[in-house]
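Notes follow the structure.
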Amino acid sequence: MIGSINHIAIAVPDLGVASAQWRERFGAVVSAPQRLPKHGVKVVFIAASNGKIELLEPLDDKSPIGKFLERNPDGGLHHICFDVPDLIASRDQLLATGARILGSPDPEIGAHGKPVLFVHPKDLTGSLIELQQA
Ligand code: CO
């Protein structure tokens, strides 16, 4: 059901500071910031040789990332995203096994222009997992 890791997302309080740290400390190539109002975040991507790191900053007070940063003011690991070959089949399997989907069970378009959904962390090892249509 799950394929390769697409990205690992880290929530940060300040995207500019975080981008500069990754550039200076690793020589990382950081993308231009992208605003995703539907997800309440501003993101940049950092390419690793076998996947991506996504840095997330809250877009406003209502952002779901805001609560996370209240508990983790320096930032922290927020979610892991896996590619899946059939997102709807994956969703239906999750629901059939009693796992909840965060928000609407209908996938929304994520940061990569592809449909995504998030599994409730309480229903999956306490970790937020994003699934993205491959
Ligand atoms: Co993500």
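Note that ligands are numbered from 1 as they come in the structure, with each ligand's atoms numbered from 1 the same way.
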Give a yes or no on whether the backbone of Ile109 and the side-chain of His39 come within a donor-acceptor separation of less than 3.5 Å.
yes
Opening angle between NE2 in His79 and NE2 in His7, taken at the Co ion (ligand 1), to 10 degrees
110°
As a test of reading the structure, name the N/O/S atom of Glu130 that is nearest the Co ion (ligand 1).
OE1
For the backbone of Val43 and the side chain of Glu54, can you confirm whether one donor and one acceptor N or O come within less than 3.5 Å of each other?
no
Determine the interplanar angle of the His112 and Phe45 rings, folded into 0 to 90°, and report it as parallel if under 30°, tilted if 30 to 60°, perpendicular if over 60°.
tilted
Of all the N, O or S atoms in Glu54, which one sits nearest to the Co ion (ligand 1)?
OE2
Looking just at side-chain N and O atoms, do His7 and Glu130 make a donor-acceptor pair shorter than 3.5 Å?
yes
